[in-house]
Novice: 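Quick one: structure below, then a few questions.
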Amino acid sequence: MTRETIPPLTDVRFQIGPTESGARPRRIALALVLCLALWFYYASIDGAFRRPSTAAFAPPPFMANEVARSIGSSWEAVSVTSGDGTVLSAWLFRPALPNGRSVLLMHETGGTRLNMLADVSWLLRRGFTCLTPDGRGHGRSGGQLVTAGLLDGADVVRWARYLSEQQPSVAVFALGHSLGASSLIHGLALGAPLRRIVADSTGANVPTRYALLAERYSLNPTVAKCILWPVVEPALLNARWRYGLDLRSISPVDWIGKVRAPVLLIHGDRDRFIPVEEARRIRDANPKFVSLWEVPGAGHVTAANQWPAEYQRTVLAWFDAP
């Protein structure tokens with residue numbers, strides 16, 4: 001019997017080293033992909049409707065002092081509790097010579113009540129009592145979600161009733177920018193006691209965005225939807241799964257059909273964020289109660305800065321109308 005020759009130890013080839021060295025880069029690459037996916041989910045999909053970092057700033061009281069002192073008016077910090085238990089905060093400005101009317105002013109996404117102080121100044125000079133809330137998920141108001149008017153509409157109802165309770169004989173008007181404009185329209189549809197409102201730079205709804213993209217770039221509607229789908233649809237599904245909110249029901253173009261108070265839409269014809277076509281659709285959905293001022297050369301919520309005198313005249317004339 002012959003013995004099998006055993007090769008020297010030094011001639012043995014171990015395959016473990018090369019296999020592991022090839023697997024390690026793959027594991028690192030996979031970990032990076034997972035981190036990027038988690039970041040994209042947190043920042044873009046889940047983050048689309050969470051409290052914006054820019055909205056975490058708590059408005060300092062000295063800003064209210066500056067506005068009130070320059071006009072000879074007074075102010076106080078006020079709060080209400082919305083129907084879902086969210087505590088909402090605001091400043092209430094009282095003019096030196098009241099005209100018997102009040103205005104609820106609602107800011108845009110990512111802002112606070114400070115964004116409305118420029119409007120407060122000229123309204124106070126005209127004798128309007130002014131209420132400037134932080135929207136839910138903004139400033140000192142509670143809530144972690146920003147829902148483009150879906151939950152905020154009920155907040156508008158609460159604030160409008162607060163103003164009516166403060167001075168029962170006073171007519172209550174409202175002015176809103178972007179998110180605030182959508183919230184006002186929803187509030188009216190829910191029965192907010194508002195005499196007239198001005199909605200500056202509001203959109204129609206998500207399906208309308210798909211249609212507008214298709215029209216503007218001569219795309220097939222299916223192709224247009226595919227372009228926006230990676231962000232829009234996952235965000236909507238996430239909101240339903242994680243927060244129980246049907247964000248597809250955010251639809252000023254549908255809400256406006258239930259409105260029975262005069263609404264003035266203000267929209268820049270160069271708004272790249274929300275095209276003016278969306279404002280036209282909202283007007284056409286309820287032409288009896290809705291008017292539209294298309295501001296030449298204005299972008300998103302810039303009409304008041306670009307045409308301040310005409311903007312103020314238009315809003316005051318709207319509030320003064322019978």
Novice: Checking the side chain of Asp200 only, and the main-chain atoms of Leu175 only, is there a donor and an acceptor separated by less than 3.5 Å?
Specialist: no
Novice: Hey, what do you get for CG (Leu292) to NE2 (His267), rounding to the nearest 0.5 Å?
Specialist: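 Answer rounded to 0.5 Å: 8.5 Å.
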Novice: Going through the checks in order, is the side chain to side chain contact (heavy atoms under 4.5 Å, CB included) test met by Asp84 and Arg136?
Specialist: CA-CA 11 Å; Asp84 63 355; Arg136 65 169 54 227; 3.0 Å; yes
Novice: Can you give me the closest heavy-atom contact between Leu105 and Pro133, atom names plus distance?
Specialist: O-CD, 3.1 Å
Novice: Within the supplied structure, the quantity of interest is the number of heavy atoms (other residues, nucleotides, ligands) at a distance under 6.0 Å from Trp307 CH2; does it exceed 12?
Specialist: no
Novice: Is a donor from one side chain sitting under 3.5 angstrom from an acceptor on the other, for Thr147 and Asp152?
Specialist: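 A pair is found: one side chain offers a donor N or O, the other an acceptor, under 3.5 Å apart.
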Novice: Do Asp155 side-chain atoms and Gly135 backbone N/O form a donor-acceptor pair below 3.5 Å?
Specialist: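 Side chain of Asp155 to backbone of Gly135: no pair is present.
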Novice: If we only count heavy atoms from C-beta on, is the Val198 to Phe319 side-chain gap below 4.5 Å?
Specialist: yes
Novice: Got Arg125 and Ile71 here, is their nearest side-chain heavy-atom distance under 4.5 Å?
Specialist: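 Contact flag for Arg125/Ile71 side chains = yes.
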Novice: Less than 4.5 Å apart, any side-chain heavy atom of Asp269 and any of Val295?
Specialist: no
Novice: Does the side chain of Leu163 reach to within under 4.5 Å of the side chain of Val170, using non-hydrogen atoms?
Specialist: no
Novice: Does a side-chain heavy-atom distance below 4.5 Å link Pro308 with Trp122?
Specialist: no
Novice: Applying the salt bridge (Lys or Arg N to Asp or Glu O under 4.0 Å) test to Asp320, which of Arg196, Arg101, Arg313 qualifies?
Specialist: Arg101
Novice: Quick one: closest heavy-atom pair of Phe57 and Leu114, and the distance?
Specialist: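 Nearest pair, atom of Phe57 first, then Leu114: CE2-CD1, 3.5 Å.
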Novice: Might you point out which heavy atoms bring Trp318 and Ser291 nearest each other, and give the distance in Å?
Specialist: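 Where Trp318 meets Ser291 most closely, the heavy atoms are CH2-OG, 3.9 Å.
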Novice: Judged by atom type as modelled, is there a donor-acceptor pair below 3.5 Å linking the side chain of Asp134 to the main-chain atoms of Ser89?
Specialist: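 Not at all, since once roles are kept as given, no pair shorter than 3.5 Å links the two residues.
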Novice: Is there side-chain contact between Phe289 and Val263, with heavy atoms separated by less than 4.5 Å?
Specialist: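 When only atoms from C-beta onward are counted, Val263 and Phe289 do not touch, as no gap falls below 4.5 Å.
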Novice: Distance-only, no hydrogens or angles: does the Ser141 side chain make a donor-acceptor pair with backbone N or O of Gly137 under 3.5 Å?
Specialist: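 Pair absent, no side-chain N/O of Ser141 close to backbone of Gly137.
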Novice: Within this structure, what is the OG1-CD1 distance for the pair Thr314 and Ile266, rounded to the nearest 0.5 Å?
Specialist: 6.5 Å
Novice: Cluster question for you: counting only ILVMFWY and a side-chain heavy-atom cut-off of under 4.5 Å, with indirect links fine, are Ile197 and Val301 together?
Specialist: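 In one cluster: no.
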Novice: Report whether Leu264 and Leu316 are members of the same hydrophobic cluster (ILVMFWY, side-chain heavy atoms less than 4.5 Å apart, transitive linking).
Specialist: yes
Novice: How long is the span from the CD1 atom in Ile185 to the CG atom in Asp254, to the nearest 0.5 Å?
Specialist: 11.5 Å
Novice: Taking side chain as C-beta onward, heavy atoms only, is Leu179 less than 4.5 Å from His138?
Specialist: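 In short, these two side chains touch, coming nearer than 4.5 Å.
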Novice: Give the ring-plane orientation class for Phe173 versus Phe128, where under 30° counts as parallel, over 60° as perpendicular and anything between as tilted.
Specialist: perpendicular
Novice: Indicate, with yes or no, if Val259 and Val157 share a hydrophobic cluster defined by side-chain heavy-atom contacts under 4.5 Å among Ile, Leu, Val, Met, Phe, Trp and Tyr.
Specialist: no
Novice: Could you tell me whether the side chain of Asn286 and the main chain of Ile256 form a donor-acceptor pair under 3.5 Å?
Specialist: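 It does hold such a pair.
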Novice: On the six-membered ring of Trp75, is Arg94 placed so that its NZ or CZ lies under 6.0 angstrom from the centre and within 45° of the ring axis?
Specialist: no
Novice: What distance separates Ser183 OG from Glu108 CD, expressed to the nearest 0.5 Å?
Specialist: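 One finds 11.5 Å between OG of Ser183 and CD of Glu108.
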Novice: State the CG-CG distance between Leu97 and Leu124, to the nearest 0.5 angstrom.
Specialist: 11.0 Å
Novice: Output yes when a side-chain donor or acceptor of Ser70 lies under 3.5 Å from a complementary backbone atom of Val67, and no otherwise.
Specialist: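 Between the backbone of Val67 and the side chain of Ser70 there is a qualifying donor-acceptor contact (under 3.5 Å).
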Novice: Cut-off 3.5 Å, side chains only: do His177 and Ser201 have a donor facing an acceptor?
Specialist: no
Novice: For Gly203 and Ser182, which heavy atoms make the closest approach, and how far apart are they?
Specialist: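 Result for this residue pair: N-OG, 4.2 Å.
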Novice: Assess whether atom CZ of Arg161 is packed by more than 12 heavy atoms of other residues, nucleotides or ligands within 6.0 Å.
Specialist: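 At most 12 heavy atoms, drawn from other residues, nucleotides or ligands, come within 6.0 Å of this atom.
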Novice: As a quick check of understanding, evaluate side chain to side chain contact (heavy atoms under 4.5 Å, CB included) for Trp91 and Met63, giving each step before the final call.
Specialist: CA-CA 10 Å; Trp91 288 333; Met63 298 292 289; 4.2 Å; yes
Novice: Which pair of heavy atoms, one from Ala174 and one from Val103, lies closest together, and at what distance?
Specialist: CA-CG1, 4.1 Å
Novice: Does Trp159 reach the side chain of Val78, with side-chain heavy atoms less than 4.5 Å apart?
Specialist: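 The answer is yes; the side chains approach within 4.5 Å.
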Novice: List the atom of Arg113, the atom of Ala90, and the distance in Å for their closest heavy-atom pair.
Specialist: NH1-C, 3.4 Å
Novice: Start with the C-alpha distance between Phe93 and Thr129, add both sets of side-chain angles, then the distance that settles side chain to side chain contact (heavy atoms under 4.5 Å, CB included), and finish with yes or no.
Specialist: CA-CA 6 Å; Phe93 294 88; Thr129 297; over 6 Å; no
Novice: Count the heavy atoms belonging to other residues, nucleotides or ligands that lie under 6.0 Å from CZ of Arg158, then report whether that count exceeds 12.
Specialist: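 Count over threshold, so yes.
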Novice: Start with the C-alpha gap between Val156 and His186, add the side-chain angles, then the distance that decides, and say whether side chain to side chain contact (heavy atoms under 4.5 Å, CB included) holds.
Specialist: CA-CA 8 Å; Val156 167; His186 195 198; over 6 Å; no
Novice: Look at the side chain of Asn115 and the backbone N and O of His107, then say whether any donor-acceptor pair between them is shorter than 3.5 Å.
Specialist: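 Not a single qualifying donor-acceptor pair exists.
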Novice: Between Ser121 (side chain) and Leu117 (backbone), is there a donor-acceptor pair under 3.5 Å?
Specialist: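 Yes; at least one donor-acceptor contact below 3.5 Å.
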Novice: Tell me whether the rings of Tyr311 and Trp293 are parallel (<30°), tilted (30 to 60°) or perpendicular (>60°).
Specialist: tilted
Novice: Output the distance between atom OG (Ser102) and atom CG (Leu92), rounded to the nearest 0.5 Å.
Specialist: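 So the gap between those two atoms works out to 8.5 Å.
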